[in-house]
Every structure is written in C-alpha cells, then in structure tokens.
K.L.:
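First, the structure itself, so that you have it in front of you.
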2 protein chains.
Amino acid sequence: MMATVLQSTAPPKRTRNTVQRRAVLCAVRALGDSHPAAADVFAHLRETAPGLSLATVYRALDALVSQKEIGRDFVANIARYDVSATPHHHTVCRVCGSVSDLNAPLPAATVRRLQNAANGFQLDLDAVQFSGVCATCRAAI
Amino acid sequence: MMATVLQSTAPPKRTRNTVQRRAVLCAVRALGDSHPAAADVFAHLRETAPGLSLATVYRALDALVSQKEIGRDFVANIARYDVSATPHHHTVCRVCGSVSDLNAPLPAATVRRLQNAANGFQLDLDAVQFSGVCATCRAAI
DNA sequence: TTCCATGCAAACGTTTTGCATTTCG
DNA sequence: CGAAATGCAAAACGTTTGCATGGAA
C-alpha cells in the first residue's frame, strides 16, 4: 500500500559543497518562516541564481533534509521546507494551507498520557502537526 | 503560494445515490481502519465492482468527504480516507507510512495552553496528526 | 425531463529519474 | 583521478477535468 520510505534509517552520506546547494540553502533561509514549497524555492532562485534547474533544487532540498540542515513537512500533497531542522510543532490552516510554527511544548503529563495510549507507537511529541483555521481565514468568514 | 482550498466553506450540495457511490463507501468500510488511499479503494473495487473508473472513485470520495460520510487526511503526498468522519487523532509512521487512530483526548489544561499559544490560530485539538515510528518498524531496526 | 454522475482520455502539478557532462575533493 | 552533482528532458505519480453519454429523481 505504501512502499516509499518516509525517513531512511541509512547512515549519513558524504555530500559535496556546491554552488547550487549553497544557493538552495540560502533561498530557504531567505524565505524564512513561510515554509516554502519546492516551487517557491525555485521561483526565488530564478532571480538569485538563474540557470539552476528544478531537478537540482529537489535534489539539493533532499540532501539538506538528510543532513538535517533544514526540515520538511508534508501538507496537502505538497512538501514544505523549513529553515529550522530543530523539531517543533506546526499549525496548518485547512482553508488557505498556510503553515506556521507553534511554540508550546506539551506538558510532561500529557506526553506521558499520549505515549501510554499509543500502543507501541513511538510518538514524536516535540514535532506535532496541528490543523485548524488561521487568524486571517477566520476573519474572512 | 497556495491557492487550493483545503476545506470549502460552501453549503452542502445535493448529491445522488448511485451504485458507484455506494460501492465506494462500501469499499472504504471494507478496508476498515487501514486508512486506504484512493488507489487502495480502486484496487479493492476492481474485484467488488469491476468496470468502475478511477475518476469516479475520486469524485465519489470527494463527495463522501463533503457529506462528512467519511474522513480524509493528507499523509506524505497522498490522500488517505477514513471510515470514521468523527474527528480523532492519527499517528503516521514516518518509516512505513502506516496510519492509525489514537484515542486519547488532550487534557483540558493542555488544550487551553496550546490554544493560548496559537496566536489567533484556531486549533482543531480533537484531530491532531502525530508523527513517529510504529511498533512494527521500531522492532525492525 | 432535468441535471447530476459516469467513463474515458487527456491534462495537470509535483516529484523523480536516465543519461551525458561537469565539478568538487 | 574518481565519485558525486548538474542540466536537461522525459517519465512517473497522484489527482483533476472536459466532454459526450447515461441514469437517478
């Protein structure tokens, strides 16, 4: 049903420090906390580093994620990238799709309670994806 | 950056009770708590109701979601469907991609705490997506 | 009789891949 | 030098859509 490995358990791979890879990292940082998709990174690089190919952007993003240089989240059929590789919560607006960080660690008691109910599933309770409606979309209704 | 509406605010639409739509609902129920993707539903229907087209499966699934007859979740670039439309938490294994239900309501104090930190974002705290590693994949390491 | 739903095929947006070439280390 | 990264184009993948036809209400 699902053969794709979402996160490999393979050992870290030796990578190269190329102009393109640096440009991609730079672009993700420039786009800041907007949690850009690959297409957004590519669009940004059209100005910053023209001539760079989309395939390279994808490969560089993958490499940067593997090296834990940046983070990645899947939202509604699209991969979104994150300046910070440090685990943290995210909110996803189910109306406009915007992604934001949520800084509020779960209380230890809640963590225990959830992990207890998880039935052998090891929860990443420092990186939870919350859904909902953002302030802007809420105001627009 | 993201124009697609993840959840419409439009009023419910009048729909028709067709053989195909009933078959799709039946298939989702037959597949139970495995949280099947559209392709899984289609594969199941190849036996149950041959001749049914993939496009119809997609349209039926969409309709059933709109009518809140079934649930939908987006996991790593693929839509997964849920027998139950009642909001509940999910766990997503980041190794094998399997999806399961997690029955453990967040404590009221935690709900308050999170909603407070959300900065105007209205959180759906009864339908949270937790990531992690399932028991099977954990054992396989 | 009215439209909503269907089947088919083609299109779509996102992501991956094959291959010849370049470039880092 | 050798391994890894690049550009390009083509393909793969999940999903949506246009259109002529069929069927529920």
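Just so it is clear: chains get the letters A, B, ... in the order the sequence lines come, proteins before strands, and each one is counted from 1.
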K.L.:
Which ones in residues 50-58 of chain A lie close to DNA chain C, meaning a heavy atom under 4.0 Å from one of its atoms?
P.N.:
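Heavy-atom contacts with DNA chain C come from A/Leu54, A/Ala55, A/Tyr58.
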
K.L.:
Does the pair A/Asp40/A/Arg80 count as a salt bridge with the N-to-O cut at 4.0 Å?
P.N.:
no

K.L.:
Just checking, is any N or O donor in the side chain of A/Gln67 or A/Thr15 under 3.5 Å from an acceptor N or O on the other one?
P.N.:
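Per modelled atom types, A/Gln67 and A/Thr15 side chains form a pair under 3.5 Å.
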
K.L.:
Counting only N and O atoms by type, is there a donor-acceptor contact under 3.5 Å from the side chain of A/Arg138 to the main-chain atoms of B/Gly120?
P.N.:
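Yes: the side chain of A/Arg138 pairs with the backbone of B/Gly120.
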
K.L.:
For the side chain of B/Asn77, starting at C-beta, report the closest nucleotide among D/dT15, C/dT15, C/dG25.
P.N.:
C/dT15

K.L.:
Taking only residues two or more places apart in sequence, or in another chain, which ones meet B/Asp33 in a salt bridge (Lys or Arg N to Asp or Glu O under 4.0 Å)?
P.N.:
none

K.L.:
Considering residues at least two apart in sequence or located in another chain, which fulfil the side-chain contact (heavy atoms from CB on, under 4.5 Å) criterion with A/Ala43?
P.N.:
none

K.L.:
Rounded off to whole Å, could you give me the CZ-to-P distance for the A/Phe42 and D/dC8 pair?
P.N.:
9 Å

K.L.:
Using only atom types and a distance under 3.5 Å, with no angle test, would you say the side chain of A/Gln115 pairs donor to acceptor with the backbone of A/Leu123?
P.N.:
yes

K.L.:
Between D/dG23, C/dC19, D/dA5, spot the one nearest the side chain of A/Thr15, thanks.
P.N.:
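Shortest atom-to-atom distance from the side chain points to D/dA5.
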
K.L.:
B/Asp62 has an atom CG; how far is it from atom P of C/dA5, in whole Å?
P.N.:
12 Å

K.L.:
Is there a donor-acceptor pair under 3.5 Å between the side chain of A/His35 and the backbone N or O of A/Val99?
P.N.:
yes

K.L.:
Within the distance-only criterion (no hydrogens, no angle test), does the side chain of B/Asp124 pair as donor or acceptor with the backbone N or O of B/Asp126 below 3.5 angstrom?
P.N.:
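It does not hold such a pair.
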
K.L.:
NA contact type, A/Ala79, heavy-atom cut-off 4.0 Å: base, sugar-phosphate, or nothing?
P.N.:
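The residue A/Ala79 makes sugar-phosphate contact but no base contact.
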
K.L.:
Just list the side-chain donor-acceptor pairs under 3.5 Å for residues 48-57 of chain B, sequence neighbours left out, or say none.
P.N.:
unit_1  : atom_1 : unit_2  : atom_2 : d
B/Thr48 : OG1    : B/His44 : O      : 3.1
B/Thr48 : OG1    : B/His44 : NE2    : 3.4
B/Ser53 : OG     : B/Ala55 : N      : 3.3
B/Ser53 : OG     : B/Thr56 : N      : 3.2
B/Ser53 : OG     : B/Thr56 : OG1    : 3.3

K.L.:
Mark yes or no for a side-chain to base donor-acceptor pair under 3.5 Å between A/Arg16 and D/dA4, with no hydrogen or angle criteria applied.
P.N.:
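Flag set: donor-acceptor pair detected.
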
K.L.:
For DNA chain C, find the residues of residues 20-27 of chain B with a heavy-atom distance under 4.0 Å and give them by number; none if there aren't any.
P.N.:
B/Gln20, B/Arg21

K.L.:
Taking the six-membered ring for Trp, are the ring centroids of A/Phe130 and A/His89 within less than 6.0 Å of each other?
P.N.:
yes

K.L.:
Return the value, rounded to whole Å, for the distance between atom CG of A/Asp40 and atom P of C/dG13.
P.N.:
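Rounded to whole Å, this separation is 14 Å.
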
K.L.:
Which nucleotide wins on minimum distance to the side chain of A/Ile78, given the candidates C/dA5, C/dT14, C/dT23?
P.N.:
C/dT14

K.L.:
Looking at A/Arg113 and B/Pro107, would you say the former's side chain and the latter's main chain have a donor-acceptor pair under 3.5 Å?
P.N.:
no

K.L.:
Rounded to 10°, tell me the angle between the two end axes of the helix from C/dT1-D/dA25 to C/dG25-D/dC1, each built from five pairs.
P.N.:
40°

K.L.:
Whole Å only: how far is the CZ atom of B/Arg59 from the C1' atom of D/dG22?
P.N.:
13 Å

K.L.:
Rounding to an integer number of Å, can you tell me how far A/Phe74 CZ sits from C/dG13 P?
P.N.:
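That distance rounds to 21 Å.
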
K.L.:
How is B/Ala60 classified with respect to the nucleic acid when contacts are heavy atoms under 4.0 Å: base, sugar-phosphate, or nothing?
P.N.:
nothing

K.L.:
Could you tell me whether the phosphate oxygens of D/dG23, OP1 or OP2, come under 4.0 Å of any side-chain nitrogen or oxygen in B/Thr18?
P.N.:
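So the side-chain polar atoms of B/Thr18 never come under 4.0 Å of the phosphate oxygens OP1 or OP2 of D/dG23.
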
K.L.:
For the backbone of B/Asp62 and the side chain of B/Ser66, can you confirm whether one donor and one acceptor N or O come within less than 3.5 Å of each other?
P.N.:
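The answer is yes, because a donor-acceptor pair under 3.5 Å joins these two groups.
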
K.L.:
From CG of A/Asn17 over to P of D/dT6, roughly how many Å is that when rounded to an integer?
P.N.:
10 Å

